[in-house]
Amino acid sequence: MLPEAAEALGLTERVKVCAGAGDNAAAAVGTGTVGEGACNISLGTSGTVFISSHSYSHDPAGAIHSFCHADGKYHMMGCMLSAASCSKWFMEDVLDTRAYNAEQALITEDMLGNNNVYFLPYLMGERSPINDVNARGTFVGISMDTTRAAMTQAVLEGVAFAVRDNLEVIKSLGIDVRKSMICGGGAKSSLWKKIIANVLNIELTLPVSEQGPGMGGAMLAMVACGVYGSVEEVCAELVKVSGTVKPDPEIAAGYEKCYQKYSLLYPALKPVFSVLAQ
């Protein structure tokens with residue numbers, strides 16, 4: 001700090017002021033998502049798919065964002081406005097419960113990849129990849145046979161399908177994603193992680209620390225203070241893995257069929273959303 005700033009704030013001049021990262025870039029550092037082709041999925045209030053890269057590339061359609069990364073290189077990112085907040089809304093505001101585990105326990109393994117109810121998670125419009133302020137959350141496929149568990153499942157699956165929407169754009173740019181870290185409050189759910197792994201048909205790796213953004217900010221400060229020589233070095237030293245979630249071929253095949261049906265919904269409803277917004 002400059003002497004006058006330190007004096008005004010009552011701090012020592014030894015305090016370092018350094019540019020760090022936005023929340024998602026910090027979460028990426030906190031999960032070790034640096035270098036070429038590393039991926040992190042964050043299930044917070046919003047949701048992100050984050051791909052780091054040594055070189056700059058961009059999506060000409062603007063569905064996916066391209067930025068400088070906190071490691072000094074680049075990243076691409078798809079950002080959904082509603083992710084874990086969809087589950088919170090359905091649990092607390094609709095079902096009037098905070099018993100998340102109890103509600104998810106009603107969803108048995110044989111139900112995965114077999115749900116006939118679909119949910120578009122656009123509770124606040126949507127950013128990536130559709131960039132549509134008029135889009136709204138929507139349940140499709142409800143019948144007299146639809147259960148509470150099926151609707152809870154649809155919410156979790158809808159977010160997973162929306163994550164895949166972003167991943168499909170990234171893949172269309174020639175980036176091959178075969179595994180990803182996952183963090184955020186929603187990642188505490190074993191069921192949700194299993195759904196996402198199978199919807200994406202990739203392996204998910206779980207970091208020991210759940211505090212992705214906070215951890216990443218601290219790690220960047222260590223680099224700025226000279227404790228580590230680079231962001232890559234601090235990631236290699238401090239990021240530890242607690243486990244992995246692998247897709248099941250049978251469940252993943254079921255979800256592939258479900259995703260193809262889900263993909264029909266937004267294009268069909270886009271003009272309806274525009275009318276409803278008038």
### Glu13 backbone acceptor or donor facing Lys16 side chain under 3.5 Å
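The answer is no, because no donor-acceptor pair under 3.5 Å joins these two groups.
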### Task
Compare all side-chain heavy atoms of Met91 with those of Glu103 and state whether any distance is below 4.5 angstrom.
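SC-SC contact between Met91 and Glu103 confirmed.
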#### Entry: Lys73 and Glu36 ion-paired at < 4.0 Å
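Salt bridge flag = no for Glu36 with Lys73.
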### Message
Taking the side chain as everything from C-beta on, heavy atoms only, tell me whether Thr45 gets closer than 4.5 Å to Lys88.
### Response
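Contact flag for Thr45/Lys88 side chains = no.
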### Query
Got a donor-acceptor contact below 3.5 angstrom from the Asn198 side chain to the Asp248 backbone?
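The answer is yes, because a donor-acceptor pair under 3.5 Å joins these two groups.
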### Task
State plainly whether the residues Glu256 and Arg164 are in salt-bridge range, i.e. N to O under 4.0 Å.
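The answer is yes: the pair qualifies as a salt bridge.
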### Query
Do Thr48 side-chain atoms and Cys79 backbone N/O form a donor-acceptor pair below 3.5 Å?
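A pair under 3.5 Å: no.
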### Message
Quick one, Cys258 and Phe161 - any side-chain contact, counting heavy atoms below 4.5 Å?
### Response
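Answer yes - side chains close enough.
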### Message
Is the shortest side-chain heavy-atom distance between His65 and Arg127 below 4.5 Å?
### Response
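Touching, per the 4.5 Å side-chain cut-off.
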### Query
Does Ala84 offer a backbone N or O that forms a donor-acceptor pair with the side chain of Ser87 under 3.5 Å?
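No.
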### Task
Could you tell me whether Glu109 atom CD has more than 12 heavy atoms of other residues or ligands within 6.0 Å of it?
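Atom CD in Glu109 is not packed in, count stays at 12 or less.
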### Message
Check the orientation of Phe139 and Phe90. Use parallel for under 30°, tilted for 30 to 60°, and perpendicular for over 60°.
### Response
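Ring orientation of Phe139 relative to Phe90: tilted.
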### Message
A quick test of your reading: do over 12 heavy atoms of other residues, nucleotides or ligands sit less than 6.0 Å from CG of Asn131?
### Response
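Result for CG/Asn131: enclosed.
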### Over 12 foreign heavy atoms within 6.0 Å of CD, Glu92
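Counting neighbours around CD of Glu92, more than 12 heavy atoms of other residues, nucleotides or ligands fall under 6.0 Å, so yes.
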#### Entry: side-chain hydrogen bond (donor to acceptor under 3.5 Å, both in side chains) between Tyr259 and Asp165, intermediate numbers included
CA-CA 9 Å; Tyr259 177 70; Asp165 279 345; 2.6 Å; yes
### Task
Examine distances only and state if a side-chain atom of Thr138 and a backbone atom of Leu120 form a donor-acceptor pair shorter than 3.5 Å.
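No, because the side chain of Thr138 does not come within donor-acceptor range (under 3.5 Å) of the backbone of Leu120.
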### Task
Could you work out the complete set of other residues in the hydrophobic cluster of Leu264, with links drawn between I, L, V, M, F, W and Y side chains under 4.5 Å apart?
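Its cluster partners, ordered by chain and number, are none at all.
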### ILVMFWY cluster membership beyond Val275 - transitive side-chain contacts under 4.5 angstrom
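Grouped by the 4.5 Å side-chain rule, Val275 forms a cluster of one, so the answer is none.
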### Message
If we ignore hydrogens and angles and just use 3.5 Å, is the side chain of Asn166 paired with the main-chain N or O of Ala162 as donor and acceptor?
### Response
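Side chain of Asn166 to backbone of Ala162, a donor-acceptor pair under 3.5 Å: yes, one is there.
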### Message
Determine whether a donor-acceptor pair (N or O, by modelled atom type, separation under 3.5 Å) exists between the side chain of Arg136 and the backbone of Val133.
### Response
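Answer holds: yes.
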### Query
Any donor and acceptor pair, going by atom type alone, linking the side chain of Lys193 with main-chain N or O of Ala187 inside 3.5 Å?
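Confirmed, Lys193 side chain pairs with Ala187 backbone.
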### Message
Please enumerate all residues that pass ring pair (Phe, Tyr, Trp, His ring centres under 6.0 Å) together with Tyr255, with sequence neighbours excluded.
### Response
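Tyr255: no ring pair (Phe, Tyr, Trp, His ring centres under 6.0 Å) contacts found.
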### Message
In the structure I gave you, are the side-chain heavy atoms of Val241 and Val208 within less than 4.5 Å of one another anywhere?
### Response
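With C-beta onward as the side chain, the pair stays apart.
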### Close side-chain approach of Phe119 and Glu157, heavy atoms under 4.5 Å
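Not in contact.
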### Message
Under a 3.5 Å cutoff, is there a donor and acceptor pairing between the side chains of Tyr266 and Asp132?
### Response
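Yes - a donor-acceptor pair under 3.5 Å links their side chains.
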### Message
Counting only heavy atoms from other residues, nucleotides and ligands, does the tally under 6.0 Å from CG of Asp93 exceed 12?
### Response
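Result for CG/Asp93: enclosed.
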### Query
When the ring centroid of His75 is compared with that of Phe50, is the distance short of 6.0 Å?
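So the answer is yes for these two rings.
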### Query
Between Glu126 and Leu81, is there a donor-acceptor pair closer than 3.5 Å when you use the side chain of the first and the backbone of the second?
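Indeed, once roles are kept as given, a pair shorter than 3.5 Å links the two residues.
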### Query
Can you tell me if Thr146 uses its side chain to pair, donor with acceptor, with the backbone of Ser143 under 3.5 Å?
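Yes; at least one donor-acceptor contact below 3.5 Å.
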### Query
Does atom NZ of Lys171 have more than 12 heavy-atom neighbours from other groups under 6.0 Å away?
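Enclosed: over 12 neighbouring heavy atoms sit under 6.0 Å from NZ of Lys171.
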### Query
Hey, are the side chains of Ile202 and Lys246 touching, using non-hydrogen atoms and a 4.5 Å cut-off?
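With C-beta onward as the side chain, the pair stays apart.
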